[in-house]
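Chain A is the first sequence line, chain B the second, and so forth, proteins listed ahead of strands; every chain is numbered from 1. Below, all heavy atoms of this structure are taken into account, side chains as well, without hydrogens, waters or symmetry copies.
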2 protein chains.
Amino acid sequence: MARLPEYLRALHALAEVGHETVSSEGLANAAGVNSAKLRKDLSHLGSYGTRGVGYDVGLLVDQIEFVLGLTQRRAVALVGVGNLGHALAGYDGFASRGFRIAALLDAEPSRVGEQINGLVVRHIDELPRVAVEESISIGVIATPASAAQAVADQLVAVGVTSILNFAPCVLSVPEGVDVRKVDLAIELQILSFHEHRKASLTALPATGGSALTALPGGLAATDTQEAIGT
Amino acid sequence: MARLPEYLRALHALAEVGHETVSSEGLANAAGVNSAKLRKDLSHLGSYGTRGVGYDVGLLVDQIEFVLGLTQRRAVALVGVGNLGHALAGYDGFASRGFRIAALLDAEPSRVGEQINGLVVRHIDELPRVAVEESISIGVIATPASAAQAVADQLVAVGVTSILNFAPCVLSVPEGVDVRKVDLAIELQILSFHEHRKASLTALPATGGSALTALPGGLAATDTQEAIGT
DNA sequence: AGGCGCTTGTGAAGGGGTGCACAAATCGCG
DNA sequence: CGCGATTTGTGCACCCCTTCACAAGCGCCT
């Protein structure tokens, strides 16, 4: 599930420090989750722990990488070499975790030909050829929202079935195509909501605030880590 | 909750096209969610719809912006002006959605003084002064993982209670501080998992694949939009 | 004024994830 | 060889979220 990559990152960190085995609680702390949850997650992959000892770090890394499909180094096509695209093209976190940015594409002729991190920006119309040459497995959209749907359609047309979308819009894709969306402004807005809620609570501790700010507390929880350790 | 910003974005898009009212189903489509879910979400804020008609776009925008605490323009401090930090500093999606990047900070002396998008990079040690001057409300960490915890501690020390963390590590913060994490590599790894699963299923449709790949299907669902429209 | 169609708001059922608590299993030590 | 300490794997209960379905309410047309 979605937590496996986090476990994998924690395992790599533990391996670098020299740990050969980890207890579920140790790994859970490193990944920021509950130990019971971690054990249940890992049990879904099979039994790779030893009771009384813990999990073999190396073995677990291999298993998770296999499940995540990281045994093959996947080729990524990045469409849109604007502000964000530039940063993504130069981000070394991709290479170090099993991905290879195989192509940079843009519709703007003035950007075509530019060289970034050893890769030349090509025109989006070359996508069909590039997709075959590099056997593209994942497409990343870093264009303005107005262009995102068209780019998605082109990616789907050349057989890409996984898309990471940074454009602030909803994409329509056929069945079988997976889309994950990352909207940086939305993350900030969610934090702003928490700020607003905290401010209302401290300002009006007795009344509990207005009806609008007195929303159920659990409402704030989705995917937010709060108050971990000290 | 976490979907409100998505609704807000969809509402702004509808307003630009000239819609004055929206039905729950119309807005749900624009936001990529179920209409019943949307109605239930909005009902938590109060009754702002008219039966038989729908929701008033302008009114709903105001209400959501109020709940999200966007009536005041929040000041953001961005720490770490590397590859990603540069892109974030230049990203205009923040300004257009209620946020103001008020300060750029970095620990590297060679980067201090650099000007990006009209803002001068200042040294991280100036954080206490900057925080007061600009009344910083949210901190964004775009440093390497090794520096992230120290930066988080400094942010907390100057009173920041909301942090957006782009570094691939778990942050420890005191109670009352909210942390949201965005890890670009993890997003790709989740897509890779889906790719791997799809590949296994099509390759071995009869047997259903190995035990490892035959994970429960629902396992794939978290936060992923799949097969929306055509 | 009355009826009809459309849309919201919500009760209830269902499903999935979460965390507790404990049995089963393994290792080390006496 | 046996016992205790330790840790995994999991049954169970709980809670929240999601979704369906429908009653209540509003506007429009006759």
Side-chain angles (χ1 to χ4, degrees), chain A residues 1-4 6-7 10-11 14 19-57 59-60 63-64 67 190 211-212 215-228, chain B residues 1-4 6-7 10-11 14 19-57 59-60 63-64 190 193 211-212 215-228:
Chain A
M1 45 192 72
R3 284 185 295 268
L4 287 180
E6 190 66 44
Y7 300 159
L11 283 168
L14 287 169
H19 285 67
E20 302 229 333
T21 64
V22 214
S23 71
S24 64
E25 196 157 330
L27 182 54
N29 284 344
V33 299
N34 185 294
S35 67
K37 194 191 298 187
L38 182 134
R39 286 199 300 275
K40 189 151 290 187
D41 286 346
L42 294 185
S43 73
H44 287 311
L45 320 179
S47 257
Y48 294 105
T50 310
R51 303 181 189 221
V53 178
Y55 298 92
D56 182 290
V57 173
L59 178 62
L60 204 49
Q63 287 303 332
I64 293 182
V67 172
I190 294 173
L212 277 174
L215 296 166
L219 186 123
T222 306
D223 205 356
T224 300
Q225 98 177 52
E226 181 164 4
I228 306 280
Chain B
M1 45 190 71
R3 284 185 295 268
L4 287 180
E6 190 67 41
Y7 301 158
L11 283 168
L14 287 169
H19 286 67
E20 302 228 335
T21 64
V22 215
S23 71
S24 63
E25 195 156 332
L27 182 54
N29 284 344
V33 300
N34 185 293
S35 68
K37 193 191 298 187
L38 180 133
R39 285 199 300 277
K40 188 148 290 191
D41 286 347
L42 294 187
S43 73
H44 287 311
L45 320 179
S47 255
Y48 295 104
T50 310
R51 300 177 189 226
V53 178
Y55 297 92
D56 182 288
V57 174
L59 178 62
L60 204 49
Q63 287 303 332
I64 294 182
I190 294 173
F193 166 68
L212 278 174
L215 297 167
L219 186 121
T222 306
D223 205 356
T224 301
Q225 99 178 52
E226 182 164 2
I228 305 281

### Summary
Hits for side chain to side chain contact (heavy atoms under 4.5 Å, CB included) against Leu14(B), two or more places apart or cross-chain, chain-then-number order -> His19(B), Val22(B), Leu27(B)
### Summary
For Thr50(A), the side chain to side chain contact (heavy atoms under 4.5 Å, CB included) test, sequence neighbours excluded, returns Val53(A)
### Query
Out of dA21(C), dT8(C), dC20(D), which nucleotide sits closest to the side chain of Asn34(B)?
dC20(D)
### Message
What's the closest nucleotide to the side chain of Arg39(A) if the choices are dT8(D), dG9(C), dG19(C)?
### Response
dT8(D)
What nitrogen or oxygen pairs link the protein and nucleotides 27-30 of chain D at under 3.5 Å?
none

Give me, pair by pair, the N or O atoms of the protein and of nucleotides 12-15 of chain D that are less than 3.5 Å apart, along with how far apart they are.
none

### Task
State which residues pass side-chain hydrogen bond (donor to acceptor under 3.5 Å, both in side chains) with Arg3(B); sequence neighbours excluded, sorted by chain then number.
Tyr7(B), Asp41(B)
### Query
Mind checking what makes side-chain hydrogen bond (donor to acceptor under 3.5 Å, both in side chains) contact with Ser23(A), not counting sequence neighbours?
none
### Message
Would you say that Tyr55(B) contacts Leu42(B) through its side chain, given a criterion of any heavy-atom pair below 4.5 Å between the two side chains?
### Response
yes
### Heavy-atom side-chain proximity of Ile64(B) to Leu60(B) below 4.5 angstrom
yes
### Query
Quick one: is dT7(D) close enough that its OP1 or OP2 comes under 4.0 Å of any side-chain N or O from Ser24(A)?
no
### Query
Any side-chain N or O of Tyr55(A) less than 4.0 Å from the OP1 or OP2 oxygen of dG9(D)?
yes
### Message
How many whole angstroms separate atom NE2 of His44(A) from atom C1' of dG11(D)?
### Response
13 Å
